[in-house]
**Q** 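Take a look at this one; I'll ask things after.
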Amino acid sequence: MSKPYYITTPIYYPSGNPHIGHCYTTVACDSIARYRRMQGREVMFLTGTDEHGLKIEQKAAEKGVTPKEYVDEIVKIFKKLWKFMNIDYDRYIRTTDDYHVKSVQKIFKELYDKGYIYKGEYSGKYCTPCESFWTESQLVDGKCPECGREVTEAKEEAYFFKMSPFADRIEKLLTETDFLQPKSRAVELVNNFIKPGLEDLCVSRTTFKWGIPVTFDEGHVVYVWIDALSNYITALGFYNDEYNDYDKFWPADVHMVAKDIMRFHAIIWPAMLMALEQPLPKHLAVHGWITFNGQKMSKSLGNVVDPFILGERYGADAIRYHILREMALGADSSFSNEIMINRINSDLANDYGNLVSRTVAMVNKYFDKKLITDRESGEFDDELISMCENLCNKTDALMDKTELNNVLAEIFNVVSRANKYIDETTPWILAKDETKRARLATVLYNLLEAIRITSTLLSCFMPSTMPKALEQIGASDYATYENAKKFGVLPLDVEVNPGEVLFPRIDVEKEIDELNSIIKNSAPADEKPKAETLPEITIDDFSKVELIVAEVLDCEKVKRSKKLLKLQLDDGRGGRQVVSGISEWYAPEDLIGKKVIVVANLKPVKLCGEMSNGMICAADMPDGSAGVIFPDQSIPVGSKIR
């Protein structure tokens, strides 16, 4: 029998339409689920929506509809997006589903009967957008430590869940096991939440009605996290008759979440399961945020990252590849249309796409689509074959650690090696010598095998395009996991089927202009972009930034970049070199002799091979350009800005 495998996304909060920031976790889990299915595992892939809470109640009231009517419409958009992005989930749970409601009520009552839930009064701080309670000491400058927004005073009768009985076990779970991925986050959780003493968790509310009623105390509704976190087991049939999969799939192999809800999954969820005397999930994989200009993706930044717009232009597979390739587990990933288009061009169009099209074209041209069976080994074969044969071992190990960007990097190492193999073996020269027909057939066969193996593995990440590639190289019937571990699977006389270009190259500058036009035209006429503000800082925070006046002595363009200028500055301290991305708006001669403001204590970084020791201060202009801030020429170099 195949071994069960259970993977989950968080259930998303449908307070607004989904954007590309929502896509990462779902695409990642979908890719892992496809990989495990390919390995022969019996997979349960769960996603869904968390539909209760004060914010939903408020949003619905603003629109003049019931909370259920409001979430019904948003859920349709989520499901439409997942279909568009080729998400092949096995089950979709909504916390408004009747079976889930009944299960949560039973869980709440059991925890109460066991003495882990008790009645008290809550008095403290509450963040409505995050649906989170905070103590005074946890606030950052008096605001929510997660989102930076204002918190409100909350005082009401409530039920509490005892957390302290589980503190020691949770600390060991985080520090002594491989439960948390990456494990580096364990120290943060232990120091911030466990060491100061786990405070009991408020688990019911009386100030709003849109929630699951507490069966034994009218007026109380179950607080969002007891409701939401339970979905991972109620969706399998825990305390309900809707499903009967709990014994087969629990404990979960992987819960994947973003870092802003890490503590709920790493501390509260294990505590709940311990209280219920149920097994703990095997792994919690925590990823960062997709950021835009260094800030967490949010609707107030506009729809420049609307996944429907991007997918319609480049295809869902290209978007899937980009977001998975850019994000390292645990770290944030910066998004821009330009970064995405360059990634599509370099990896998919140039490297992979060209490999497929060149190879198929050569088989078609030199052998009329069908290879001969004669073979002749030669130099450079062994390295390519060895890399292909060892690829699955590497991707398996990285998949176990949910390092999807590294899985893709390993696959593309083979793609790059195959492209290099073409240059080394020069098949166009072999084709001119009739005595080299067997060698030419061997070279092209090896390339087809490399494409077969990489395309089979890539099919988990790009499920729409890879079948087309496999069809073109005559490998549709050979695209299995077991075959991906072997070299030499295709018939010696394999026949190719030339087809369309898989990933057309994109004109970056033209495409950016067209995208901006689409985005502008798709925005409502009366909609004004909201200013995105950063969390407040103190004077102590500001004092850590050293701003000084410097004079530009020399300036030139950076050879390997269209955007960067290299500036030599007199800073009154012996001079420094700074690289700045302002070439689009300033010629070198515009800056020489001018005084500028420099962030002097910024950590040095290498940009396109040039060291940059600081940053030139500039302002965002209404037309999207950057305006360098020029201080008065009479201010001496080295002067500090305060």
Side-chain angles (χ1 to χ4, degrees), residues 1-14 25-26 29-30 32-34 36-37 40-52 68 71-72 75 78-79 82 87-114 116-117 161 179 203 211-216 221-257 261 264-265 268-285:
M1 289 181 62
S2 61
K3 187 177 179 182
Y5 185 88
Y6 184 30
I7 185 168
T8 71
T9 71
I11 49 174
Y12 301 105
Y13 202 53
T25 321
T26 314
C29 288
D30 179 72
I32 295 171
R34 289 175 183 274
R36 298 307 184 193
R37 292 188 195 109
R41 304 285 295 271
E42 183 180 1
V43 172
M44 173 62 70
F45 168 25
L46 175 72
T47 190
T49 33
D50 171 17
E51 302 178 14
H52 293 123
K68 185 61 164 60
V71 294
D72 282 349
V75 167
F78 269 91
K79 288 186 173 182
W82 298 154
I87 304 300
D88 187 20
Y89 55 80
D90 296 290
R91 197 162 291 170
Y92 191 103
I93 185 171
R94 301 179 60 181
T95 56
T96 51
D97 289 337
D98 290 342
Y99 75 89
H100 174 77
V101 170
K102 293 174 182 176
S103 293
V104 168
Q105 289 175 327
K106 292 176 182 177
I107 289 169
F108 196 94
K109 183 64 163 60
E110 179 177 333
L111 294 174
Y112 177 77
D113 290 342
K114 287 184 172 181
Y116 290 119
I117 286 180
F161 176 59
F179 167 71
V203 293
I212 297 176
V214 174
T215 55
F216 53 88
V221 295
V222 178
Y223 171 54
V224 63
W225 288 107
I226 291 281
D227 172 8
L229 292 168
S230 296
N231 92 89
Y232 301 124
I233 54 178
T234 63
L236 298 177
F238 188 81
Y239 286 171
N240 66 71
D241 299 324
E242 185 75 13
Y243 299 108
N244 189 32
D245 304 304
Y246 183 76
D247 291 338
K248 177 188 289 186
F249 288 108
W250 192 258
D253 291 88
V254 175
H255 288 322
M256 184 173 284
V257 301
I261 55 173
F264 304 106
H265 288 78
I268 296 172
W269 180 224
M272 286 173 56
L273 290 167
M274 290 172 186
L276 292 168
E277 300 178 55
Q278 298 299 317
L280 303 182
K282 297 172 186 176
H283 298 294
L284 175 64

**Q** Between Tyr243 and Tyr99, is the ring centre distance below 6.0 Å?
**A** yes

**Q** Output yes when Asp245 and Arg91 qualify as a salt bridge under the 4.0 Å nitrogen-oxygen rule, no when they do not.
**A** yes

**Q** Any side-chain heavy atom of Lys102 within less than 4.5 Å of one from Glu242?
**A** no

**Q** Let me know which of Thr49, Asp97, Thr47 forms a side chain to side chain donor-acceptor pair (under 3.5 Å) with Tyr92.
**A** Thr49

**Q** Testing the 3.5 Å rule here: is there a donor-acceptor pair between the side chains of His100 and Asn240?
**A** no

**Q** With a 4.0 Å cut-off on N to O distance, would you call Asp253 and Lys3 a salt bridge?
**A** no

**Q** Taking all atoms of both residues into account, what is the closest heavy-atom pair of Phe45 and Asp30, and its distance?
**A** CE2-CA, 3.6 Å

**Q** Can you tell me which residue among Thr8, Ile32, Ile7 is in a side-chain contact (heavy atoms from CB on, under 4.5 Å) with Met256?
**A** Ile32

**Q** For the pair Asn231 and Leu46, evaluate side-chain contact (heavy atoms from CB on, under 4.5 Å) and give the outcome as yes or no after the intermediate values.
**A** CA-CA 9 Å; Asn231 92 89; Leu46 175 72; 3.4 Å; yes

**Q** With heavy-atom distances below 4.5 Å as the criterion, would you say the side chains of His265 and Leu229 are in contact?
**A** yes

**Q** Looking at Glu110 and Lys114, does any basic side-chain N land under 4.0 Å from a carboxylate oxygen?
**A** yes

**Q** About how many Å separate OG of Ser230 and CH2 of Trp269, when rounded to the nearest 0.5 Å?
**A** 5.0 Å

**Q** So if I apply the side chain to side chain donor-acceptor pair (under 3.5 Å) rule between Thr26 and each of Tyr89, Trp82, Tyr12, which one comes out positive?
**A** Tyr12

**Q** With rounding to the nearest 0.5 Å, note down the distance linking CG in Leu273 to CH2 in Trp250.
**A** 5.5 Å

